[in-house]
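Just so you know, these numbers come straight off a predicted model, no measurement behind them. A, B, ... follow the sequence lines: proteins, then strands. Residue 1 opens every chain.
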Protein chains: 2
Amino acid sequence: MAQPKKAASIWDVARLAGVSHQTVSRVVNGSPRVAAATRDKVLEAIAELGYRPNRLARSLAGGAAESVTVLTADTSLYGPEAALRGIEKAARALDWSVQISVLDPADTHSDADIIARLPRAGEPTIIMAHDEPGMRAKQVLLDQQPHAMVAIGPYTAEELAASPWLVGMDDGKAAAEATRYLLDLGHATVHHLAIPTSTATFGGGKAHRAEGWARVLREAGREVPEPVPSGWTIAEAFKAVQPLVADPSVTAILCGNDHLALATMRAAHLAGRSVPGDLSVVGFDNTPFSAYTTPALTTVNQDFESVGRGAFELLRHRVDGSIPRPVPGWPEPELIVRETSGPPSS
Amino acid sequence: MAQPKKAASIWDVARLAGVSHQTVSRVVNGSPRVAAATRDKVLEAIAELGYRPNRLARSLAGGAAESVTVLTADTSLYGPEAALRGIEKAARALDWSVQISVLDPADTHSDADIIARLPRAGEPTIIMAHDEPGMRAKQVLLDQQPHAMVAIGPYTAEELAASPWLVGMDDGKAAAEATRYLLDLGHATVHHLAIPTSTATFGGGKAHRAEGWARVLREAGREVPEPVPSGWTIAEAFKAVQPLVADPSVTAILCGNDHLALATMRAAHLAGRSVPGDLSVVGFDNTPFSAYTTPALTTVNQDFESVGRGAFELLRHRVDGSIPRPVPGWPEPELIVRETSGPPSS
DNA sequence: GACAGATAGGTGAACGTTCACAGCGGGCGG
DNA sequence: CCGCCCGCTGTGAACGTTCACCTATCTGTC
């Protein structure tokens, strides 16, 4: 089996079935205006030749795109990885193809560079990055092809409602909830080990983690300690969090994600501070491993995979111009209390 | 800026520069047979129109592919994720585009299905999956387009040398090393919590983790306990490992990857067995978090990102028919001893 | 001073599909 | 019995490239 010969084209099928190439096209695309007998002949020829439509040609000719390009931050981060997974799943179910292109914060991306990432003009695109290159990409695409782009990120309900090309969850609200929880436990204040995107736009977006944390502290009339900026890697977090765990007055740390939380736990352990006895640690994202650390991590669940799926659905509707059907919902971020949080010891 | 108009084509550039479309093509592709003056005119026109070649059209017309399709297992696994990252990085550096398509073990994939994943016949492809669908995909592509495919997986040095389309590291050897280490520590035997791909082909591939583990045990004349099969998720591993941690005669467990190891540590902790006092745990992959668990995980480092990069390089050379240059090497798997392993207590 | 060979550039077809439109019958209303 | 519309099908041109091949013009050689 499996002849290494050239793949059959629509013309080969047409010849074999004794019809025109256009009729084959109609059958393939499920047009209703084809007689049943003809359809069968064509279908038979398709089966015999093992014909498969060529995606490239289809797109070139201006047909349906059936392809998404995902512009993303580093996929070693759990959020982007999970969202990508959701997108891929949803796309695969509809037989769309998925391109990925990582926006490296180290590169400077000109507008043209970003457009060059797309296989063709108007290529449906999902942006998953709220750092500088991500924001720039968003702007470029918004200018050039607003109908064929969707951005995933931390947005408030109002932002989501105002911009039909935005998809995401309100990180700020979730961070607020977690902070309030720690305050209610009796902690005088809560410190924050922040992910890069959170500090970069700190004070800007209402939906960012650091912002939600700070808001609750202010509202409660507590001291708002300077957030401690960390890089994305665990190693960087481990280094950045040292002063925090060394300070006995620090009794609660809200971490920008579960990796940072793990680094914090490790650092606390080495500094001789017990968790949650001396120090409460709360993570973010409910990364799969977080339920299995010892002690198990208290964290905020985020269903990134569903968000990815939702982004894909929205994009699809925007592209084909159908009524912007409400994006299928997903679970709100939710605090999951496990073992790393408790009342302060003193 | 940024007119939402249709993108400029090669013809628009040709018209503006006062040359033929072919000359533009030559300039774009860096053909030497263009007069300097003409080239400048064309370049100027390109700049003015913001022209970017259309990838789709280029591929359709039979030009260089500049595109890879990655057929992969679930990207939530560290190995595939890291390798994909390596591929994407290498591809981006050369301005190639990357498609991803996940092979779901739940689906039955017919040969035609697999071919249908490719945007076009002959599309350069990398396969990263050693489960059933992955093996099938490998076979299909080997039949149809051996010159445009590369497979990543656990292979021995001999397999690698024999099949120029294979790339990978010898997991079996690494597992053997880890097992020998535990034996040398004084453990009577070593138990194995196995990843799905390892048990599925258990006894088959010499390069599989379970195989390397069993080999060392046999060579040392030790009892070879039945390997305990686990699913990929931490939750599944946690469940699967229960009998092992409950058994006081079990003093050392080699885990198929770091996630399984984390589950094992957690289970051991809940069962009241201390690590490494009562039980030594060794993981696999050196997943980023593994250095920051408490106690820090002893594991086997695997540089998947480099392997991914190597696979891309190899593919590129195979596609353009250049001498199969030796794939740039990468670090051999290496045991990293941290805190979860030690001599048996009794 | 004619001719081979190189050098620069152009022409038309091909890639595999969709889109816009034209044609051709047959049924049905007048 | 004529004409009209509708259901089905075919024709030709696009889409944006590259490829194979052809045509000028210039250079140098004998």
Measure from [atom1] on [X] to [atom2] on [N] and round the result to the nearest Å.
| X | N | atom1 | atom2 | value |
| --- | --- | --- | --- | --- |
| B:Glu66 | D:dT18 | CD | C1' | 13 Å |
| A:Arg55 | C:dT18 | CZ | C1' | 16 Å |
| B:Gln22 | D:dT18 | CD | C1' | 7 Å |
| A:Trp11 | C:dA13 | CH2 | P | 15 Å |
| A:Arg39 | D:dC8 | CZ | P | 9 Å |
| A:Leu56 | D:dT17 | CG | C1' | 11 Å |
| B:Leu60 | C:dG16 | CG | C1' | 6 Å |
| A:Asp40 | D:dC8 | CG | P | 14 Å |

- So, B:Ser76 and B:Asp74: side-chain donor and acceptor under 3.5 Å apart, yes or no?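 Side chains of B:Ser76 and B:Asp74: pair found under 3.5 Å.
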Looking at [X], I'd like to know whether one of its side-chain N or O atoms comes within less than 4.0 Å of OP1 or OP2 on [N].
| X | N | answer |
| --- | --- | --- |
| A:Arg33 | D:dG7 | yes |
| A:Thr23 | D:dG10 | yes |
| A:Asn29 | C:dT18 | yes |

Whether [Y] and [X] form a salt bridge (side-chain N of Lys/Arg under 4.0 Å from carboxylate O of Asp/Glu) is what I want to check.
| X | Y | answer |
| --- | --- | --- |
| A:Asp131 | A:Arg136 | no |
| A:Glu313 | A:Arg316 | yes |
| B:Glu88 | B:Arg92 | yes |
| B:Glu123 | B:Arg117 | no |

- Quick one: which of C:dT18, C:dG10, D:dT9 gets closest to the side chain of A:Ala61?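 Of all the options, the side chain of A:Ala61 is nearest to C:dT18.
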- Could you check which of D:dT18, C:dA8, C:dG10 has an atom nearest any side-chain atom of B:Ser20?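 Of the options given, the side chain of B:Ser20 lies nearest C:dG10.
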Look at all strands and tell whether [X] reaches a base, only sugar-phosphate, or nothing, counting heavy atoms closer than 4.0 Å.
| X | answer |
| --- | --- |
| B:Ser59 | nothing |
| B:Ser9 | sugar-phosphate |
| A:Val28 | nothing |

- Item | Any N/O donor-acceptor pair, A:Arg26 side-chain to D:dG10 base, under 3.5 Å |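 Result: at least one qualifying N/O pair found.
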- Query: Checking only heavy atoms, does the side chain of B:His21 share a donor-acceptor pair with the base of D:dT18 at less than 3.5 Å?
  - Reply: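 Checked by distance alone, the answer is yes.
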- Mapping B:Ala57 and B:Val19 to their closest nucleotides on DNA chain C, which lands nearer the 5' end?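 First, find each residue's nearest nucleotide; the 5'-ward one identifies B:Val19.
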